[in-house]
Amino acid sequence: MSTLTITLCLTLTITLLSPWPCLGQTSQETGWRHQRVQAQEGRCDIRRLTATEARRRIRAEGGVTEIWDAEDQQFRCAGVAALRHVIEPGGLFLPSYTNAPYLTYVVQGSGIQGVIMPGCPETYQSVPATTRQGRRGEGGEGRSVGDQHQKVVRIRKGDVIASPAGVVQWTYNDGDTAIVSVTLLDMSNSQNQLDRNIRGFYLAGNPQRGEHGRQERQERSERGERGERGSEKESSGHNILSGFDEELLAEAFGVDIETARKMQGRNDDRGNIIRVKRHGLKILSPELEEKEWEEQRGRRRYEDNGLEESICAMKFRHNIDKSTHTDIFDGNGGRASFLNSQNLPILKFLQLSAEKVVLNENAMMVPHWKINGHGIMYITRGSGRIQVVRDNGELVFDDRVQEGQLLVIPQNYVAMKKAGREGLEWVGFGTSNHPMISPLSGRLSIIKAIPEEVLMNSYDISREQTRRLKSSGRQEMTLFTPARSRDPYSIV
């Protein structure tokens, strides 16, 4: 579990409410930050923030993908983009990768996740039925090769899944309820050498066609051969194999032409989330055939390539909903959990972080600002009121937020958050791997750290008023319930 620290950074004494220590920056990290600042120059003069919902909806055979407007000024300021996936029971989100690193939070449901790292061995090997029969029978040989693949993990509500740019992932819903997940992509990250557009590179299917695929193909054929070629050239949404010559593709994979055509998926209308048939996927996972996998792995021989103890063994997943992972707890106010490069090291490479905050009925989070990155909130449950103030004291957001909405709070903008009658819960994403916040009130208030004389002259108040200000403030760390409140959405 992370710890709360008061941190001394460089020559500036800053009182911080933060589960993260002030780590020294490497030259690589400094260069990354320079690139990011340059990319955002002139885009963060925001005078009005809005709590937004997804604007675009793409229906597939086995689920839905919803996309927020990446051209919105607040998204352009933070250099991020956001998606929400709904994978229905039996749905398979096709293997794909993106041009930017991202974090995914599982809002509900459970399933199986695969992360494919180039160069890593296929450490999962199933034992085929013929082998079992041969081992258990009387002298039967029955030996055959089982399926081999890289590690898969069980994902569930509260998991945060990290992915570098260009790394293939897939998800299968083997449960009875839909998997709902929200994904934040860091388009300004130095790993993205392309542009700010979300680019999904799919290894299979016809991702963006979905329910409109049959109609589009029929209209294309009716326009004739010339029109069909033009439409194919302009169309987007095919997988990365569809552009290759089918004969060369067949030769490269050592398969027949028919298989190569199937891999290209040009006539596949199922979209980026397909529905698995034939009684679901049969995949070796930690919960399935674990004992036999361990036996097989013990007998297996392969040469280490130097990656097994670093990248190949790296964790990509961490659950921030578990009570055992709580960093801040107040019986009346609520609780908060923080995910950073200390408890998930891959985040240092991605320069991203996450948090989960639960505010009880009418509870508040002390006014604060993020020192070293932007914050992006996705409301997972309940409702509440949030106020955000920019550098010149202008109120740029003062509104009610509710489940399903997303709000960007730029770096150094001061935010105050209060829950309504049902409470307020959100998952937050940060554009730093060890984010730090600075509270205005509470036990670690910045005000308390300032000398009396400075406060007296700054606010033009008496010494008695100053001492009362410093000593009678709230003693909670960061979450609290006001003694009295006029209505559930008032900020006092």
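For Asp176, the CG atom counts as loosely surrounded, since its 6.0 Å shell holds 12 or fewer non-hydrogen atoms of other residues, nucleotides or ligands. Applying the 6.0 Å contact sphere to CZ of Arg55 captures no more than 12 heavy atoms from other residues, nucleotides or ligands.
Between Pro164 and Leu350, some side-chain heavy-atom pair lies under the 4.5 Å cut-off. Here the side chains of Tyr102 and Ile161 are not in contact, with every heavy-atom distance at 4.5 Å or above. Within the 4.5 Å cutoff, no side-chain heavy atoms of Tyr97 are placed close to those of Gln169. At a threshold of 4.5 Å between non-hydrogen side-chain atoms, the residues Ile198 and Leu83 count as touching. Between Arg47 and Asp45 the shortest side-chain heavy-atom distance falls below 4.5 Å. In this structure the side chain of Ile386 reaches within 4.5 angstrom of the side chain of Val388, judged on heavy atoms. A 4.5 Å side-chain heavy-atom check between Gln113 and Tyr172 finds every atom pair outside the cut-off. Contact of the Lys315 side chain with the Pro345 side chain is not registered, since no non-hydrogen atoms from C-beta on lie closer than 4.5 Å.
Ion pairing of Glu403 with Arg381 is absent here, as no side-chain N (NZ or NE/NH1/NH2) approaches a carboxylate O to less than 4.0 Å. Salt bridge annotation for Arg56-Glu66: absent, with no cationic side-chain nitrogen under 4.0 angstrom from a carboxylate oxygen. Using a 4.0 Å cut-off between charged nitrogen and carboxylate oxygen, Arg156 and Asp321 do not count as a salt-bridge pair. Comment: Arg154 engages Asp174 in a salt bridge, judged by a side-chain N to carboxylate O separation of less than 4.0 angstrom.
Within the 3.5 Å criterion, the main-chain N or O of Phe201 finds no donor-acceptor partner in the side chain of Asn239. Judged by distance alone, the side chain of Arg335 and the main-chain N or O of Asp327 form no donor-acceptor pair under 3.5 Å. Under the 3.5 Å distance criterion, the side-chain polar atoms of Asn206 are left unmatched by any main-chain donor or acceptor of Gly271. With Arg390 contributing its side chain and Ile46 its backbone, the two residues share a donor-acceptor pair below 3.5 Å. Judged by distance alone, with hydrogens and angles left aside, the side-chain atoms of Asn173 form a donor-acceptor pair with the main-chain N or O of Ile87 at under 3.5 Å. Using modelled atom types, no side-chain atom of Gln387 and backbone atom of Lys417 make a donor-acceptor pair closer than 3.5 Å. In this structure, the side chain of Trp68 engages the main chain of Thr52 through a donor-acceptor pair within 3.5 Å. At distances below 3.5 Å, not a single donor-acceptor pair connects side-chain atoms of Asn197 with backbone N or O atoms of Arg199. Under the 3.5 Å distance criterion, the side-chain polar atoms of Asn319 are matched with a main-chain donor or acceptor of Lys157. Remark: the backbone N or O of His325 is paired with a side-chain donor or acceptor of Ser337 at under 3.5 angstrom.
Considering every non-hydrogen atom in both Phe244 and Arg266, the closest pair reads O-NH2, 3.8 Å. Here the shortest heavy-atom pairing between Phe397 and Ala51 reads CE1-N, 3.6 Å. For Leu347 against Leu103, the heavy-atom pair with the smallest separation is CD2-CD2, 3.6 Å. Residues Asn189 and Gln351 approach most closely at ND2-CB, 4.2 Å, considering heavy atoms. In terms of heavy atoms, Leu424 sits closest to Gly384 at CD1-N, 4.0 Å. Contact between Leu407 and Thr50 at its shortest, heavy atoms only, is CD1-O, 3.6 Å.
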> Can you list the steps and then say if Glu355 with Ile320 is a side chain to side chain contact (heavy atoms under 4.5 Å, CB included)?
Replying inline: CA-CA 7 Å; Glu355 64 183 19; Ile320 57 175; 6.0 Å; no
>> With side chain to side chain contact (heavy atoms under 4.5 Å, CB included) as the criterion, how do Val115 and Val167 come out once you've worked through the C-alpha distance, each side chain's angles and the decisive distance to 0.1 Å?
In response: CA-CA 7 Å; Val115 180; Val167 171; 3.8 Å; yes
>> Run the side chain to side chain donor-acceptor pair (under 3.5 Å) test on Ser353 and Asn433 for me, step by step, so that the C-alpha distance in whole Å, both residues' side-chain angles and the decisive distance to 0.1 Å come before the verdict.
In response: CA-CA 5 Å; Ser353 58; Asn433 70 296; over 6 Å; no
> Yes or no on side chain to side chain donor-acceptor pair (under 3.5 Å) for Ser341 and His434, after CA distance, side-chain angles and deciding distance?
Replying inline: CA-CA 6 Å; Ser341 56; His434 50 88; over 6 Å; no
>> Apply side chain to side chain contact (heavy atoms under 4.5 Å, CB included) to residues Thr98 and Leu185 and explain how you reach the verdict.
In response: CA-CA 9 Å; Thr98 65; Leu185 300 99; 4.0 Å; yes
>> Run Leu249 and Gln264 through side chain to side chain contact (heavy atoms under 4.5 Å, CB included) and show every step you take.
In response: CA-CA 9 Å; Leu249 190 65; Gln264 291 179 320; 3.6 Å; yes
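For the residue pair Lys370/Tyr413, the side-chain donor-acceptor check at 3.5 Å is not satisfied. Side chain to side chain, Asp186 and Thr431 fail the donor-acceptor criterion of an N or O pair below 3.5 Å. A side-chain N or O of Glu422 and one of Ser383 form a donor-acceptor pair less than 3.5 Å apart. For the 3.5 Å distance criterion, the side chains of Arg400 and Gln402 qualify, holding a donor opposite an acceptor.
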